[in-house]
Amino acid sequence: MLTALSIRNFGLISDLDLDIGGGFTAVTGETGSGKSMLVSALGFVLGGRARRDCVRAGCARMSVTATFDPDEAHPVRTLCAEFGVHVGKEEPLVLSRTLLRGGAGRAVLNGRCLSLGQLSAVGALLADIHGQNENRGLLSCSVHRALLDDFGEHGPLLASVAEAWFQWRSALAALEEAKHLSDIAADEISYLRSCVQDLEDLKPVVGDEERLVSERSRLQLSERSSETVRVGLELMESAQVEATLGRLSKVLHRGRTTQQVADERELDRLVETAFEGVEKALIEMEEARRCLESASSHLGAGPEALEAVESRLFAIRGAARRYGVAADRLLDVLESMRARLARIDDAALEVRDCMKAEALAQRRYQDLASALSEARRSSGLALMSAVTSELGPLKLGTMRFRVLIAARTEGDWGEFGQDDVIFQIASAPAADFVPLNRVASGGELARLSLAISVCLSRSSLSGTLVFDEADVGVGGAVAAAIGDRLARLGCDRQVLAITHSPQVAAAAVGHWRISRLDGDAEANASIDVLDPLARREEIARMLAGEHVTREARAAAGRLLMRA
């Protein structure tokens, strides 16, 4: 509901801040005091008409700020999220709108700017305004279907229709895709088959690129080691080191065994040492050869293995570039192309299957939508009867109310069914039915809206209802009936009613009085929240006029007691 309203420089209202409670609040005051200006300001901040002549004289701009506190599950919170305004479950909605005298304006919701269309959509879910110059809510044909569905408690059936609608849409999309595949040109089939053959020959494996890179690095290192072993063996072979050492060993051995004279013993020792050194060299040389030959046998793979690894790595990376994916996704590409080829090959069969599925989905949607249409017709008759019973006490007995269930063309069917719902009125028994907003009299329109609101009190999403002079042109029993219905609405909703009727004002639980103060430069409107004593005095004024009598005060007291 509306919890606070701030108005700056809007017509007669220069500076006004209101804290607003629940239930039914009556707004009274002398003619011309600015009561309807309050309604216009609320309509303005909810996305209604913006008139530059409403900017207070001598001021550059006007502004209105309204704070609402809808329930956590209220759909307006979802709508705000769609508009990019993220509001917490318990956070209030603060709407603010300004208009410069030059015509430029701005609308803000919880600190975020909105377009006028977005503001109006939010406002339509927060408040219904019915009156002389502002008509929002019930008079909009766009909400009639939702109101009737809520009134008839069509929620489960409506959900089934929506589900069937989306299933039918999905089946239609599948059918279109199948038809498209069946019409694919032969060159595309040839291309797909060529790609599949290419990838099947490549035999891609997830992780293959990483493994090949690692293997290439290992083989490159192995290649360098292999070259070292090969050159070492070649040098040992070409230099005939072992043969030379062998011959040297034999020569030294013969010299070592020859008898030497005593004077040559030192020479003999040196030859012996040389012989031993050569023998050790032969042993080490043999060991070196064995190590090189063993290393050569362990290296195994030659340049051919490295070339094979590099060739496969090049092929895998080339395929990845060709199909625009990472190397590890090549297997996915292959499976996708195989599946697409399979679907193309089976396209004719798939088209037949999709046609059957689409026909079944359409039939289910039409059956459920027809059931919803029938339920709407039944609920429409019940609503017509309920509203008609309210028209007589509100001095609208010559009017006829009708709920028109109009079938949409197939192209306009949707998740809400196959119907448009329009509330219509005929002003006289012989008159034609017309939309609600074609009712000429503002007072009649407000009373008609009141009658419908009473019947839809549990269906409307708006937590705030505003009626501007629904009692105009009536009095006595009719005014009492209006007050009684406003009070009944106030049990479930927040109701604000501008009234000249003491019977209506007495039925309220809260009472504001708007007064006009004529200053030297400009008139100004102010609002007083009345206590019980001031309230009785105001109702007495409404009964007696300018001079309040004791009898008027007594009559006011009796009206308040009856309420």
J.: What is the distance from atom NE2 of His154 to atom OG of Ser373, rounded to the nearest 0.5 Å?
T.: 10.0 Å
J.: So, the side chain of Ser389 versus the backbone of Ala386: is there a donor-acceptor pair under 3.5 Å, distance only?
T.: yes
J.: When you compare the side chain of Asp420 with that of Asp412, does any pair of heavy atoms fall below 4.5 Å?
T.: no
J.: Within a strict 4.5 Å, meaning less than it, do heavy atoms of the Arg485 and Phe467 side chains meet?
T.: no
J.: Please confirm whether the backbone N or O of Gly48 pairs with a side-chain atom of Arg97, one donor and one acceptor, at under 3.5 Å?
T.: yes
J.: If you take all heavy atoms of Ala497 and Leu486, which pair is closest and at what distance?
T.: CB-CD1, 3.8 Å
J.: Is it the case that the side chain of Gln494 and the backbone of Gly21 share a donor-acceptor pair, with hydrogens and angles ignored and the cut-off at 3.5 Å?
T.: yes
J.: Check the pair Ile425, Leu448 against side chain to side chain contact (heavy atoms under 4.5 Å, CB included), reporting the backbone distance first and the verdict last.
T.: CA-CA 9 Å; Ile425 200 74; Leu448 176 60; 3.8 Å; yes
J.: Heavy atoms only: give me the nearest Leu334-Val196 pair and the separation to one decimal.
T.: CD1-O, 3.8 Å
J.: Can you name the nearest heavy-atom pair linking Ala451 to Leu391, along with the distance?
T.: CB-CD2, 4.1 Å
J.: Search all heavy atoms of Val39 against all heavy atoms of Ile498 and return the closest pair with its distance.
T.: CG2-CD1, 3.0 Å
J.: Taking side chain as C-beta onward, heavy atoms only, is Thr464 less than 4.5 Å from Phe68?
T.: yes
J.: Is the shortest side-chain heavy-atom distance between Leu450 and Val454 below 4.5 Å?
T.: yes
J.: Backbone N or O of Arg408 within a donor-acceptor pair of the Trp413 side chain at under 3.5 Å?
T.: yes
J.: Is a side-chain donor-acceptor pair under 3.5 Å present for Gln503 with Asp471?
T.: no
J.: Once you round to the nearest 0.5 Å, how far does CG of Leu456 lie from CG of Leu489?
T.: 10.0 Å
J.: Output yes when a side-chain donor or acceptor of Arg77 lies under 3.5 Å from a complementary backbone atom of Glu91, and no otherwise.
T.: yes
J.: One pair to check against side chain to side chain contact (heavy atoms under 4.5 Å, CB included): Phe433 and Ile422. What are the steps and the verdict?
T.: CA-CA 11 Å; Phe433 281 98; Ile422 305 170; over 6 Å; no
J.: Between Thr3 and Pro92, is there a side-chain heavy-atom distance shorter than 4.5 Å?
T.: no
J.: Say whether, by atom type as modelled, one donor and one acceptor occur between the side chain of Tyr365 and the main chain of Glu415 under 3.5 angstrom.
T.: no
J.: Between Arg488 and Asp484, is there a salt bridge with N-O shorter than 4.0 Å?
T.: yes
J.: Could you tell me whether a side-chain N or O of Asn9 sits under 3.5 Å from a main-chain N or O of Val55, the two making a donor and an acceptor?
T.: no
J.: What is the distance from atom OG of Ser370 to atom CG of Asp419, rounded to the nearest 0.5 Å?
T.: 8.5 Å
J.: Drop me the distance from Ile527's CD1 to Leu18's CG, to the nearest 0.5 angstrom.
T.: 4.5 Å
J.: Answer yes or no: does atom CD of Glu153 have more than 12 heavy-atom neighbours from other residues, nucleotides or ligands under 6.0 Å?
T.: no
J.: Would you tell me whether Ser96 and Thr65 have side-chain atoms, one donor and one acceptor, within less than 3.5 Å of each other?
T.: yes
J.: I'd like to know if the side chain of Ser160 and the backbone of Pro156 have a donor-acceptor N/O pair within less than 3.5 Å.
T.: yes
J.: Quick check: do Arg8 and Arg61 have side-chain heavy atoms less than 4.5 Å from each other?
T.: no
J.: Using the side chain to side chain contact (heavy atoms under 4.5 Å, CB included) rule, take Phe44 and Cys54 through it: C-alpha gap first, then chi angles, then the decisive distance, then the call.
T.: CA-CA 10 Å; Phe44 169 72; Cys54 285; over 6 Å; no
J.: Report yes if some heavy atom in the side chain of Val122 is under 4.5 Å from a heavy atom in the side chain of Val85; otherwise report no.
T.: no
J.: Is a salt bridge present between Arg400 and Asp432, judged by a nitrogen-to-oxygen distance below 4.0 Å?
T.: no
J.: Work out which heavy atom in His511 is nearest to a heavy atom in Thr25; give both atom names and the distance.
T.: N-CG2, 4.1 Å
J.: Taking Val94's backbone N and O only, do any of them form a donor-acceptor pair with Asn110's side chain (distance below 3.5 Å, no angle check)?
T.: yes
J.: Are Glu410 and Gln366 packed together at the side-chain level, in the sense that at least one heavy-atom pair is separated by less than 4.5 angstrom?
T.: no
J.: Might you confirm whether atom CZ of Arg377 has over 12 heavy atoms from other residues, nucleotides or ligands at distances under 6.0 Å?
T.: yes
J.: Find the distance between CE (Met355) and CG (Leu360) and round it off to the nearest 0.5 Å.
T.: 12.0 Å
J.: Are the side chain of Ser336 and the backbone of Asp332 linked by a donor-acceptor contact shorter than 3.5 Å?
T.: no
J.: Taking the inter-plane angle between the rings of Phe401 and Phe423 on a 0 to 90° scale, is it parallel (under 30°), tilted (30 to 60°) or perpendicular (over 60°)?
T.: perpendicular
J.: Please table the atom pairs, donor to acceptor, closer than 3.5 Å between any side-chain atom in residues 169-177 and protein atoms at least two apart or in another chain.
T.:
none

J.: Go through Leu46 and Leu95 one step at a time and tell me if the side chain to side chain contact (heavy atoms under 4.5 Å, CB included) criterion holds.
T.: CA-CA 8 Å; Leu46 293 174; Leu95 288 78; 4.3 Å; yes
J.: If you round to the nearest 0.5 Å, how far is CD1 of Ile7 from CG of Leu16?
T.: 5.0 Å
J.: Minimum heavy-atom separation for Ala525 and Ile13, please, with both atom names.
T.: CB-CG1, 4.1 Å
